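One structure is given here, and the rest of the page talks about it.
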Amino acid sequence: MSQLHVSAKLPVLDLSQPAERSFLSSLALACQEWGFFYITGHGISKDLLTKIYMKSKHIFNLPIESKQKLGPTSCLKTYTPHFIASPYFECLRISGPDFFSSAKSCADELLNEDSSGFSEMLQDFGNKVMDLSKRLIEILLSCMGENYGRKFYESEFSNCHGYLRIVNYTPPKNMEENEIEGLGMHTDMSCITILYQDEIGGLQMRSKEGEWMDIWPFEEFLVVNIGDLMQAWSNGRLRSSEHRVVLKSMVNRLSLAFFWCFEDEKVVSAPDEIVGEENPRAYRPFVCLDYLKFRENSEEGRFDKIGHTVKDFAGLRLRV
Ligand SMILES: O=C(O)CCC(=O)C(=O)O
Ligand SMILES: [Fe+2]
């Protein structure tokens with residue numbers, strides 16, 4: 001595995017190379033400290049990303065009346081308009097594992113032309129990120145214990161599912177401040193999230209100490225976030241990344257995020273091997289769907305503010 005580092009703190013996992021133990025240690029450290037890392041050698045071509053980008057831009061440029069056909073009051077409810085997560089944020093949700101039909105049912109509502117091209121691209125992308133997620137979970141498990149990839153993947157993660165979110169950020173026409181929050185600080189409700197951001201940048205991660213770091217978009221690199229479900233399952237050995245999006249120019253920004261989650265009915269509970277003496281159990285077992293509902297129902301928790309994290313929901317230790 002590559003020893004490439006973008007900064008002293010951040011390892012880049014090159015998936016085209018075999019894993020080395022020494023590299024896994026720096027990956028484990030990054031996941032404890034920051035809860036994210038970059039990947040390269042992931043097999044998702046620039047060409048595919050560009051095609052999805054172009055088509056998505058076209059869709060977001062449609063009049064709001066068209067997009068509302070998929071909005072919160074429609075049957076499909078796959079479009080989130082502005083002023084829900086933030087005034088500048090809108091997104092389209094495509095669900096797996098049949099990304100083709102999910103994308104097609106959205107595009108058929110929106111586009112007059114044949115929509116199978118868009119659906120094929122998203123099926124291709126969706127299949128690739130599903131495969132990647134499986135590899136990434138195995139690598140993350142082996143960061144925690146030499147044979148844990150094989151030991152826990154089948155029993156714990158084999159029923160995971162995923163969905164995509166295509167996000168369009170539209171900054172205001174006259175930006176008075178130097179920067180505006182496009183999406184407030186939150187943690188993801190996934191096991192892991194795989195994220196592509198366009199060349200505008202704006203993603204920021206918060207360290208444990210509360211310091212913000214810009215996450216630059218590097219060509220060929222994708223970002224992997226640890227999500228809340230993985231933080232709980234790993235008993236806090238992997239930290240759910242706290243992140244936000246900051247808009248620094250008047251240019252629209254597009255991102256594509258894949259959320260890989262446990263099945264709704266899964267009881268999320270760290271195995272005894274992960275807990276151990278030095279790492280006492282920090283979360284009570286909980287049903288995955290109950291946590292998702294908790295986040296949905298807590299008003300400020302829609303895009304999480306402090307007070308609505310998995311620690312608040314299932315944490316056993318007293319907060320200091
Ligand atoms: O747009 C981005 O870069 C990040 C989006 C994000 O964090 C999310 O949708 O959960
Ligand atoms: Fe996120």
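Not measured: the values here are computed from a predicted model.
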ask   = Just wondering, more than 12 heavy atoms not from Arg150 lying within 6.0 Å of its CZ?
value = no
query = Angle class for the Phe152/Trp233 ring planes (parallel below 30°, perpendicular above 60°, tilted otherwise)?
reply = perpendicular
message = Once rounded to the nearest 0.5 Å, what's the spacing between atom CG of Asp228 and atom CZ of Arg239?
response = 11.0 Å
inquiry  = Test of understanding: clusters of I, L, V, M, F, W, Y form through side-chain heavy atoms closer than 4.5 Å, transitively. Do Met205 and Ile200 belong to the same one?
reply    = no
task = Search all heavy atoms of Lys55 against all heavy atoms of Phe118 and return the closest pair with its distance.
result = CG-CD1, 3.3 Å
message = Please report the interatomic distance CG(Asp198) to OH(Tyr196), rounded to the nearest 0.5 Å.
response = 5.5 Å
query = Side chains of Lys69 and Tyr79: does their closest heavy-atom pair fall under 4.5 Å?
reply = no
query = Is Ile94 linked to Phe100 within one hydrophobic cluster, defined over Ile, Leu, Val, Met, Phe, Trp and Tyr using a side-chain heavy-atom separation of less than 4.5 Å?
reply = no
Reference residue Thr187; test side-chain hydrogen bond (donor to acceptor under 3.5 Å, both in side chains); the match among Arg206, Lys311, Arg295 = Arg295
key: Lys/Arg N to Asp/Glu carboxylate O, Lys248 vs Asp214, below 4.0 Å   = yes
request  = Indicate if Leu141 and Val275 have the same hydrophobic cluster label, given that clusters are the connected sets of ILVMFWY residues with side-chain heavy-atom separations under 4.5 angstrom.
outcome  = no
inquiry  = Assess the residue pair Asp312 and Thr309 against the criterion (side-chain hydrogen bond (donor to acceptor under 3.5 Å, both in side chains)); give the C-alpha distance rounded to whole Å, side-chain angles, the decisive distance to 0.1 Å, and a yes or no.
reply    = CA-CA 5 Å; Asp312 299 296; Thr309 65; 2.7 Å; yes
task = Check whether any side-chain heavy atom of Asn168 lies under 4.5 Å from a side-chain heavy atom of Cys91, and answer yes or no.
result = no
message = Within the structure provided, determine whether Cys106 and Ser119 are in side-chain contact (heavy-atom separation under 4.5 Å).
response = no
request  = Decide if atom CG of Asn178 counts as having more than 12 heavy atoms of other residues, nucleotides or ligands within a radius under 6.0 Å.
outcome  = no
task = Ignoring hydrogens and angles, state whether a donor on the side chain of Arg165 or Thr193 is under 3.5 Å from an acceptor on the partner side chain.
result = no
ask   = When the ring planes of Phe259 and Tyr163 are compared, do they come out parallel, tilted or perpendicular, using 30° and 60° as the limits?
value = parallel
inquiry  = Quick check for you: to the nearest 0.5 Å, what is the distance between Gln197 atom CD and Ile215 atom CD1?
reply    = 8.0 Å
message = Under 4.5 Å between side-chain heavy atoms, counting indirect links through other Ile/Leu/Val/Met/Phe/Trp/Tyr residues: same cluster for Leu29 and Leu24 or not?
response = no
ask   = Got more than 12 heavy atoms from elsewhere within 6.0 Å of CH2, Trp216?
value = no
request  = Evaluate whether atom CD of Gln68 has more than 12 neighbouring non-hydrogen atoms of other residues, nucleotides or ligands under 6.0 angstrom away.
outcome  = yes
query = Does His243 reach the side chain of Asn225, with side-chain heavy atoms less than 4.5 Å apart?
reply = yes
query = SG of Cys191 to CD1 of Ile137: how many Å apart, nearest 0.5 Å?
reply = 5.5 Å
remark   = Taken to the nearest 0.5 Å, the spacing of Leu203 CG from Ser255 OG works out to 8.5 Å
request  = State plainly whether one hydrophobic cluster holds both Tyr53 and Val251, where clusters connect Ile, Leu, Val, Met, Phe, Trp and Tyr through side-chain heavy atoms under 4.5 angstrom apart.
outcome  = no
Residues, nucleotides or ligands: over 12 heavy atoms within 6.0 Å of Lys208 NZ = yes
request  = May I ask you to test the Leu229-Cys288 pair for a side-chain heavy-atom distance under 4.5 Å?
outcome  = yes
remark   = Which of Thr40, Leu136, Leu222 passes side chain to side chain contact (heavy atoms under 4.5 Å, CB included) with Leu13? It is Leu136
query = Which value, rounded to the nearest 0.5 Å, describes the distance between Gln123 atom CD and Ser102 atom OG?
reply = 10.0 Å
key: Close side-chain approach of Phe60 to Tyr169, heavy-atom, < 4.5 Å   = no
query = Is the closest basic N to carboxylate O distance between Asp124 and Lys128 below 4.0 Å?
reply = yes
key: Ring centers of Phe262, Phe157 separated by less than 6.0 Å   = yes
